[in-house]
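In each ligand, atom 1 is the first atom listed, and ligand 1 is the first ligand listed. Computed from a predicted structure; not experimentally measured.
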Amino acid sequence: MNKTLETTEVRKLLRRKVRICVLTGAGVSAESGIPTFRGAGGLWRKFRPQELATPEAFARDPRLVWEWYDWRRGLIAAARPNPGHEALVRLERRCPNFLLATQNVDGLHLLAGSKRVVSIHGDIWELHCTACGRSREDRAVPLPELPPTCPDCGGLLRPGVVWFGESLPPGAFAAAAAAARGAEAFLVVGTAGAVEPAASLTRLAREAGAFVVEVNLESSALSSLADVSFRGKAGEILPALVP
Ligand code: BV8
Ligand code: ZN
């Protein structure tokens, strides 16, 4: 089937379906100027994110980990949602039964106006106290002190994100998995599909009979699960699928 026909067919399908689940990754925020993890720009100094986004790295050098998050918070604060985020807002508004599960911690889906969002890897604007456990939103860029300390107890604060080796926010994955299992159409956008259990959502949807649409610049670990794969930028393809 040629691309134009595929786009028309998928556009019609998304209009017909009443239960839609979407999984997004760093690629949906790339056109907002936020580096992806595993792309060329994903490297920061000589470290890889997997060597920074772990409890062990934080215990070893909280200041270094915080420098990385403070730098990312600065980039994200300057970023705006792109047409890909906006297309997903339109899709949600048309669809009676919709859930957007995002691996991104940048909050751009919420900023764009998406409401039914599960942030399965947490939120970079949340700070958790490692001593008293209190959480708070703090959007200061740059942070006044690194590493930041708790105003209540003086304890060390950590970013409210899920690191490798940590379990996902309670209920978040369950809600996303239930939506994936119940979906008639499942869109997987801008993710390499390298991280579990997020990547398994596409398999759950496929096994439950959903029509799977992938939007990605290149093939991913999930491409073999897709009924249709659109190769290109999410900020261009999603608006064509959801005008
Ligand atoms: C857990 C938050 C268990 C922090 C992140 C061995 C095998 C399999 C699994 C494992 C294993 N060993 C360990 C595991 C589990 C591990 C894991 O999956 N490791 C992988 C790396 C092998 N997972 C975990 O540890 C998870 N927890 O399993 O807990 C458990 C249970 C009970 C009790 C205790 C523990 C937690 C994982 C969460 C990690 N946190 N982020 C932060 O952001 O700082 S993951 C991180 O990767 C981000 O969230 C990111 O979103 C996510 C996935 O990456 P992608 O979004 O896919 O981004 P990437 O750069 O890789 O790809 C971008 C894609 O976009 C590319 O395909 C590119 O082509 C495309 N693209 C680029 N530009 C565009 C585009 N597409 C369209 N348009 C464009 N313009
Ligand atoms: Zn505290």
Side-chain angles (χ1 to χ4, degrees), residues 23-44 47-58 65-66 68-73 75-76 82-85 87 101-109 119-136 148-170 172-173 187-202 214-223 226 229-239 241:
L23 171 67
T24 61
V28 81
S29 294
E31 290 154 84
S32 296
I34 299 172
T36 61
F37 275 81
R38 294 164 187 86
L43 275 174
W44 179 63
F47 296 99
R48 295 212 42 81
Q50 285 90 327
E51 290 158 12
L52 286 168
T54 67
E56 296 73 22
F58 187 69
V65 172
W66 265 114
W68 186 53
Y69 279 96
D70 199 39
W71 170 72
R72 286 175 61 193
R73 285 162 53 106
L75 283 182
I76 292 166
N82 66 58
H85 294 106
T102 186
Q103 300 173 87
N104 301 337
V105 298
D106 57 34
L108 288 186
H109 285 303
S119 298
I120 57 175
H121 289 163
D123 174 358
I124 203 165
W125 299 117
E126 275 280 305
L127 305 187
H128 290 330
C129 178
T130 58
C132 71
R134 281 190 189 82
S135 295
R136 75 201 69 242
T149 50
C150 177
D152 299 326
C153 76
L156 177 63
L157 297 180
R158 60 162 284 176
V161 300
V162 179
W163 281 327
F164 291 103
E166 294 186 321
S167 45
L168 276 54
F173 187 71
L187 268 66
V188 49
V189 183
T191 181
V195 173
E196 296 294 354
S200 66
L201 292 170
T202 310
E214 180 184 42
V215 177
N216 197 315
L217 277 184
E218 55 200 33
S219 68
S220 77
L222 303 172
S223 299
S229 278
F230 291 93
R231 288 286 164 264
K233 293 183 176 179
E236 292 167 8
I237 292 170
L238 287 176
L241 295 178

Q.
For a 4.5 angstrom cut-off between non-hydrogen side-chain atoms, does Val161 reach Arg72?
A. no
Q: Give a yes or no answer on whether the side chain of Glu236 reaches the backbone of Lys233 with a donor-acceptor pair at less than 3.5 Å.
A: no
Q) Has ligand 1 got any nitrogen or oxygen that is less than 3.5 angstrom from a nitrogen or oxygen of Pro197? A) no
Q: Evaluate the criterion side chain to side chain contact (heavy atoms under 4.5 Å, CB included) for residue pair Gln103 and Ile120; output intermediate values, then yes/no.
A: CA-CA 6 Å; Gln103 300 173 87; Ile120 57 175; 4.1 Å; yes
Q) What do we get for Ala199 next to ligand 1 when only non-hydrogen atoms under 4.0 Å count, side chain, backbone, both or neither? A) neither
Q: Ignoring angles and geometry beyond distance, decide whether Gly165 reaches within less than 3.5 Å of ligand 1 through its nitrogen or oxygen atoms.
A: yes
Q) Between Val105 and ligand 1, which part of the residue brings a heavy atom under 4.0 Å of the ligand: side chain, backbone, both or neither? A) side chain
(Q) Does only the side chain of Glu31 get under 4.0 Å from ligand 1, or the backbone, or both, or neither? Count heavy atoms. (A) side chain
Q. Is the closest N or O pair between Gly25 and ligand 1 shorter than 3.5 Å?
A. no
Q) How are the rings of Phe58 and Trp66 set relative to one another: parallel (under 30°), tilted (30 to 60°) or perpendicular (over 60°)? A) perpendicular
Q) Out of Glu166, Glu218, Glu236, Arg231, whose heavy atom sits nearest atom 3 (C) of ligand 1? A) Glu166
Q.
For a side chain to side chain contact (heavy atoms under 4.5 Å, CB included) check, start with the C-alpha distance between Val195 and Phe164, then their side-chain angles and the critical distance, and finish with the verdict.
A. CA-CA 9 Å; Val195 173; Phe164 291 103; 4.0 Å; yes
Q) Counting from 1, what ligand 1 atoms have a heavy atom of Gly232 closer than 4.0 Å? A) 77 (C), 78 (N)
(Q) At less than 4.0 angstrom from any non-hydrogen atom of Gly190, what atoms of ligand 1 do you find? (A) 63 (C), 64 (C), 65 (O), 76 (N)
Q) Going by the atom numbers of ligand 1, which of them fall below 4.0 Å from some non-hydrogen atom of Thr191? A) 55 (P), 56 (O), 57 (O), 64 (C), 65 (O), 67 (O)
**Q.** Any N/O pair Phe164/ligand 1 closer than 3.5 Å
**A.** no
Q) How long is the span from the CG atom in Asp106 to the CG atom in Asp123, to the nearest 0.5 Å? A) 9.5 Å
Q: Examine Val162 against ligand 1 and note whether any of their N/O atoms are separated by less than 3.5 Å.
A: yes
Q) Can an N or O of Ala53 be found at a distance shorter than 3.5 Å from an N or O of ligand 1? A) no
Q. Among the heavy atoms of Gly122, does any lie under 4.0 Å from an atom of ligand 1?
A. no
Q. Which of parallel (below 30°), tilted (30 to 60°) and perpendicular (above 60°) describes His85 and His109?
A. perpendicular
(Q) Keeping Ser29 on the side-chain end and Ser32 on the backbone end, is there a donor-acceptor pair under 3.5 Å? (A) no
(Q) Distance under 4.0 Å to a non-hydrogen atom of Asn104: what atoms of ligand 1 satisfy this? (A) 51 (O)
Q) Are Asn216 and Glu218 side-chain neighbours, meaning at least one heavy-atom pair lies under 4.5 Å? A) yes
**Q.** Atoms of ligand 1, numbered as shown, that sit under 4.0 Å from any heavy atom of Ala26
**A.** 55 (P), 56 (O), 58 (O)
Q) Nearest non-hydrogen atom to atom 15 (C) of ligand 1 belongs to which of Glu196, Arg72, Glu214? A) Glu196
Q: Decide whether the shortest distance between a heavy atom of Ser220 and an atom of ligand 1 is less than 4.0 Å.
A: no
(Q) Looking at Leu156, is its backbone amide N or carbonyl O close enough to the side chain of Thr130 to form a donor-acceptor pair, meaning the two atoms are under 3.5 Å apart? (A) yes
Q) Okay, side chain of Glu31, backbone of Asn82: is any donor-acceptor separation there less than 3.5 Å? A) no
Q. Against heavy atoms of Tyr69, which atoms of ligand 1 measure under 4.0 Å?
A. 4 (C), 42 (C), 44 (O)
**Q.** Intermediate values then yes/no, side chain to side chain contact (heavy atoms under 4.5 Å, CB included), His128 and Leu157
**A.** CA-CA 5 Å; His128 290 330; Leu157 297 180; over 6 Å; no
Q. Among Val188, Leu187, Thr191, which residue meets the side-chain contact (heavy atoms from CB on, under 4.5 Å) test with Thr202?
A. Val188
Q | Apex the Zn ion (ligand 2) - arms SG from Cys153 and SG from Cys129 - angle rounded to 10° | A | 100°
Q. Counting heavy atoms only, which of Trp163, Phe37, Phe173 comes nearest to atom 60 (O) of ligand 1?
A. Phe37
